[in-house]
Amino acid sequence: MTGPSLFEEIVDFSNRANPWPLYEKLRTQPVWQEEDGTFVVSRFREIYGLLHDPRISSDASNLLPEFADKAGALAQPGKLPPSFIRTDPPRHDTLRRIAMRQFGPPHRPDRIDKLTPKLEAVVTKLIDDLADRQQCDLVDDVAYPFPVAAITELLGVPPEDEPRFSQWVGPIVDSTGDPTPEHVQQRDDAFQELGMYMFELAQRKRADPGDDMLSGYVTDDGPDGRLEGGDLFSALILLLIAGHETTVNLIANGWLTLQRHPEILQRLRTEPDFSIRMVEELLRYEGSVHFLPNRIAVADIEIGGTVIRKGHPITLVLASGNRDTECIPHADRFDPDRPDNVHLGFGNGIHYCFGAPLARLEAQLALTQLAKRLQNPRLVADPPPYRPSPVLRGPIHLEVAYDGIGPA
């Protein structure tokens, strides 16, 4: 009986705090085939190429029948149609255009920019609330509630409903990767409750629309029409979950990285606009999404002497690609001054992260305020405890001690 594969070691929770040496071993060859038939791709150039390759699908119906269990895990729970990240052109392109119409250019080019004062106020209040103590959990107290407030503000979810949303997010995120039957059931229950809530909220927005994304989705008829029925709810659930959990991890991973690099933390306190370069490097060096486990080959694809076979699942290990020294000089160094910082932190190709402008802004605002206002911050535990998910990797708690809170 053989031991676990290298990729199985990476997925194993015991390696969550430091997967980087295993990723280095994984990059010794560009493609690995797992015992279950999955092909794992490890290097930057090959991952980047496949993200732009029309022979790669995000539609689980392209899996061979022998991978029916994986098709079930990739299917949208609650009998909803697939969200646009799990579809291929031309359907993907239509759904994404409709969703993007309410989020950014050309129809709403100022959506995120106009949100900046609100986001500043939210993060200021969260840090103000830390002033009566000398230790906080940066995840529970800042990194988690901040993105919740941002995405619910964008979609028009009432602030009083934010705690309910938080209860639904956990089981859905914990089901990513290789979920247990218990996780799948908890995920499905959370999806059902979230779907019912979003249906009721959409009904209220139709009757009384505001200047939010959900109101736009249910009232605005653009050139591609509007999102209706299951497509609307699939898109809303995707935006709620993807717009939240990845940013929680980006902020938490970011603060952990800054504490481990005190010279960078000091620059963030003193250099105007440094946060822009710093967050971009953070997306490469310590990104939230470690791999994409939901791609399928629709033709045989030869890479580095290995043939990825048609109908087989593919896992693209973004975090490994982002540390590939063959394409990125000194890739294991955290260097915000890095020129031409090309990375896979938001994926690439037609499925490039829809919410990238918002995630960048949230991380810049939160990490800059934390750097400037927490006086003499220290990590209580390093490494911190991590979330179960190997896909969306980040601390589940991040205890930080400090001497006081400075003014905003």
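These numbers come from a predicted model, not from an experiment.
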Name the one of R108, K205, R101 that satisfies salt bridge (Lys or Arg N to Asp or Glu O under 4.0 Å) with D220?
R101
Close side-chain approach of H290 to P19, heavy-atom, < 4.5 Å:
yes
Only pairs at least two apart or in different chains count here, so list each ring-ring contact (aromatic ring centres under 6.0 Å, His included) that has a residue in residues 108-135.
none
Heavy-atom side-chain proximity of V317 to R27 below 4.5 angstrom
no
F84 vs D93 side-chain heavy atoms within contact, under 4.5 Å:
no
Taking the side chain as everything from C-beta on, heavy atoms only, tell me whether R338 gets closer than 4.5 Å to E280.
no
Aromatic rings Y285 and H261: how do their planes relate, parallel, tilted or perpendicular, breaks at 30° and 60°?
perpendicular
With heavy-atom distances below 4.5 Å as the criterion, would you say the side chains of Q364 and L282 are in contact?
no
Could you tell me whether D300 and K310 have a side-chain N and a carboxylate O separated by less than 4.0 Å?
no
Are R393 and N249 close enough that some pair of their side-chain heavy atoms sits under 4.5 Å apart?
no
Would you mind reporting whether F191 and Q186 have side-chain heavy atoms less than 4.5 Å apart?
no
Results of side-chain contact (heavy atoms from CB on, under 4.5 Å) for N348 - residues two or more places apart only
Y48, L51, H52
Ion pair R284/E281, N-O distance below 4.0 Å
yes
Please verify the inter-ring angle class for Y197 with W168; under 30° counts as parallel, over 60° as perpendicular, anything in between as tilted.
tilted
Between H343 and F44, does the ring centre distance come in under 6.0 Å?
no
So, taking the atom named NE2 in H107 and the one named CZ in R111, what distance separates them when rounded to the nearest 0.5 Å?
8.5 Å
